[in-house]
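Just follow the structure's listing: the first ligand is 1, and inside any ligand the first atom is 1.
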Amino acid sequence: MRSMANLKLDDVPTQWYNIVPDLPEPLPPPKDPEKGPSRIQNLPNLMIGECLNQEFSKERWIDIPGGVMDLYLKAGRPRPLFRATNLEKRLDTPARMYYKSEFFSPTGSHKVNTALAQCWYAKRQGFERVTTETGAGQWGTALSYAAAITGLKCTVFWVRSVYNWKKDRLSLMKLMGADVHASPSPVTEFGKKLYDKNPEHDGSLGIAISEGLEDSGRDPKATYCLGSVLNHVLMHQTIIGLETQKQFEIFDDYPDIVISCIGGGSNFGGFALPFLGDALKKGKKIKFIAAQSQVAANLQGKYEYDFADYAEITPMLKMYTLGHQADMKPIKGDGLRYHGSSPILSLLRHKGFIDTIAYPADEKHVFETAKIFIETEGWLPAPESAYSVCCAIEEALKCRESGEKKVIAFNISGHGFLDMPGYRAVLGLG
Ligand SMILES: *Cc1c(COP(=O)(O)O)cnc(C)c1O
């Protein structure tokens with residue numbers, strides 16, 4: 001039985017998929033709050049021009065520039081699709097299980113797919129520095145990497161509760177030449193207000209976004225990069241699902257269930273949107289499941305306009321949200337801890353195309369279930385990706401009960417080599 005499929009270089013997709021023209025109804029646009037200055041008019045001062053164009057584009061296919069294609073190859077694309085043959089045996093399931101290997105990434109996560117595109121466009125536009133926020137640290141590492149290899153400087157504001165325990169990620173960002181601040185930090189006006197009150201403030205993604213925006217806003221040579229949520233970010237990530245579709249052709253198979261973990265929605269979107277396109281245009285019957293944490297079950301929140309950041313610098317987005325100033329307890333799969341969800345995925349959830357499952361905050365169940373995958377398939381998923389693995393295993397066990405031979409596709413958004421303290425703490429590995 002074949003257990004891996006990959007693409008020849010000539011078959012690697014050369015366009016990203018923009019699902020916006022195929023959505024069941026028009027995507028609600030960003031909007032300004034009733035009071036205060038226009039956030040929307042300020043966007044060109046904050047964002048890379050080409051990314052802003054893409055954010056509002058209605059073109060179904062957008063060419064990946066040759067320079068970005070080359071960076072994708074340098075970062076190890078295309079990435080294989082594996083059949084989880086050992087795991088299937090261990091679970092004694094009639095289901096056929098396939099996983100996409102975004103863990104083959106120089107920084108350990110899918111986030112390089114958009115970081116490379118954003119830095120390439122920023123460089124072409126003449127910027128010298130990129131700024132950003134990071135929660136779990138994967139986005140900060142991905143942007144540090146992409147900035148380094150495209151010749152840009154990089155400043156990262158990192159949510160303090162995670163900064164404090166992911167020492168190896170901090171070292172990696174510094175090795176790549178980035179400037180890294182625990183957030184809230186004393187180096188921005190907004191951060192300083194919170195920092196002065198409590199220098200040990202845990203921080204949050206929303207606060208860190210506010211700091212990154214302020215820092216780029218005051219430097220004309222700097223621009224801000226966002227690692228998830230926005231339309232153009234999800235579009236850059238569709239390279240994942242587009243490759244996967246071609247790899248399924250090699251396997252001569254097609255998924256019944258498509259699963260990934262979700263924070264802001266970039267890896268879920270990247271993996272699932274090409275298949276959601278099949279569901280919308282070709283009437284394919286596919287079940288989509290977003291795996292979440294109960295501390296940030298954003299897709300189970302309210303579908304309404306809300307800010308993307310704590311300090312209300314961004315426009316308001318129509319999305320599923322827990323409220324932009326919600327307190328969310330830290331977890332080891334910290335990349336899932338964001339109050340809102342991508343407007344595109346929110347609309348599709350609202351229309352009934354996406355199911356969600358939220359796992360308990362102590363993460364024991366998730367990591368113990370993921371351990372079965374590690375023991376059988378041998379890859380170490382990122383703590384966030386463990387949610388995707390856990391959900392896939394649960395679906396396969398349901399097939400064992402029902403005898404159904406479903407095809408389960410799941411995305412492994414990153415590896416966990418830099419996040420080992422998370423596994424150690426939850427599973428007590430000593
Ligand atoms: C950031 C991250 C996530 C969650 O963010 P999304 O934008 O929802 O994908 C999940 N997995 C990994 C490995 C990440 O780095």
Side-chain angles (χ1 to χ4, degrees), residues 79 99-115 118 132-146 156 158-159 162 166 169 172-173 205 208-209 225-241 259-273 288-293 295-299 308 319-320 328 331-346 349 354 356 358-359 366 370 379-391 410-419 422-423:
R79 306 200 202 288
Y99 57 96
K100 180 68 166 169
S101 55
E102 287 303 308
F103 47 76
F104 281 123
S105 150
T107 63
S109 88
H110 71 288
K111 292 207 173 71
V112 293
N113 300 331
T114 185
Q118 293 188 40
T132 200
E133 90 300 338
T134 193
Q138 280 97 324
W139 172 239
T141 325
L143 198 70
S144 301
Y145 157 80
V156 179
W158 192 357
V159 176
V162 191
K166 291 199 179 176
R169 261 188 200 286
L172 184 55
M173 287 184 224
L205 212 46
I209 293 174
C225 299
L226 196 70
S228 189
V229 183
L230 298 180
N231 303 349
H232 70 275
V233 176
L234 269 68
M235 187 189 75
H236 296 158
Q237 293 293 357
T238 58
I239 187 78
I240 304 173
I259 295 169
S260 202
C261 63
I262 192 165
S266 72
N267 91 87
F268 183 93
F271 186 55
L273 288 177
F288 295 91
I289 313 176
Q292 310 195 266
S293 164
V295 308
N298 51 45
L299 277 182
M319 60 182 176
Y320 277 93
M328 292 168 284
I331 51 172
K332 299 303 176 191
D334 209 87
L336 308 183
R337 204 167 63 100
Y338 180 63
H339 69 270
S341 183
S342 129
I344 288 176
L345 297 177
S346 293
R349 161 126 178 97
I354 301 173
T356 98
Y359 292 109
V366 168
W379 299 108
L380 176 70
E384 293 81 7
S385 317
Y387 285 69
S388 172
V389 172
C390 174
C391 179
F410 57 113
N411 186 39
I412 302 194
S413 48
H415 70 58
F417 293 129
L418 296 171
D419 314 302
Y423 282 99

If you have a sec, work out which protein heavy atom is nearest atom 8 (O) of ligand 1 and how many Å separate them, to one decimal? Gly263 N, 2.6 Å
Per-atom contacts of ligand 1 with [X], taking only distances under 4.0 Å to non-hydrogen atoms:
X      : value
Ile262 : 8 (O)
Gly265 : 6 (P), 7 (O), 8 (O)
Ser228 : 6 (P), 7 (O)
Ser109 : 13 (C), 15 (O)
Gly414 : 13 (C)

Nearest-option assignment for [atom], heavy atoms, candidates [options]:
atom                   : options                        : answer
atom 4 (C) of ligand 1 : Ala382, Ser342, Gly335, Ser413 : Gly335
atom 2 (C) of ligand 1 : His415, His110, Lys111         : Lys111
atom 9 (O) of ligand 1 : Thr114, Asn267, Leu336, Val229 : Asn267

Kindly confirm or rule out an N or O of Gly264 lying under 3.5 angstrom from an N or O of ligand 1.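 Yes: some nitrogen or oxygen of Gly264 is under 3.5 Å from one in ligand 1.
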Distance-only donor-acceptor check, side chains Asn411 and Glu102, under 3.5 Å: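 No - no donor-acceptor pair under 3.5 Å links their side chains.
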Using heavy atoms and a threshold below 4.0 Å, how should the contact between Glu102 and ligand 1 be classified: side chain, backbone, both, or neither? neither
So, Tyr338 side chain and Ile262 main chain: donor-acceptor pair closer than 3.5 Å or not?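 It does not hold such a pair.
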Under a 3.5 Å distance rule, please check whether Thr356 uses its side chain to pair with a backbone N or O of Ala290 as donor and acceptor. no
Taking a cutoff of less than 4.0 Å between a non-hydrogen atom of the residue and any ligand atom, is Ala136 in contact with ligand 1? no
Partners passing ring-ring contact (aromatic ring centres under 6.0 Å, His included) against His339 (at least two apart in sequence or in another chain): none
Trp139: what forms a ring-ring contact (aromatic ring centres under 6.0 Å, His included) with it, not counting sequence neighbours?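 Trp139: no ring-ring contact (aromatic ring centres under 6.0 Å, His included) contacts found.
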Tell me, do Cys261 and Asn267 make a side-chain contact under 4.5 Å, heavy atoms counted?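 In contact.
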Euclidean distance, Asp419 CG relative to Asp334 CG, rounded to 0.5 Å: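 Nearest 0.5 Å value for the CG-CG distance: 10.0 Å.
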So, taking the atom named NE2 in His415 and the one named OG in Ser105, what distance separates them when rounded to the nearest 0.5 Å? 6.5 Å
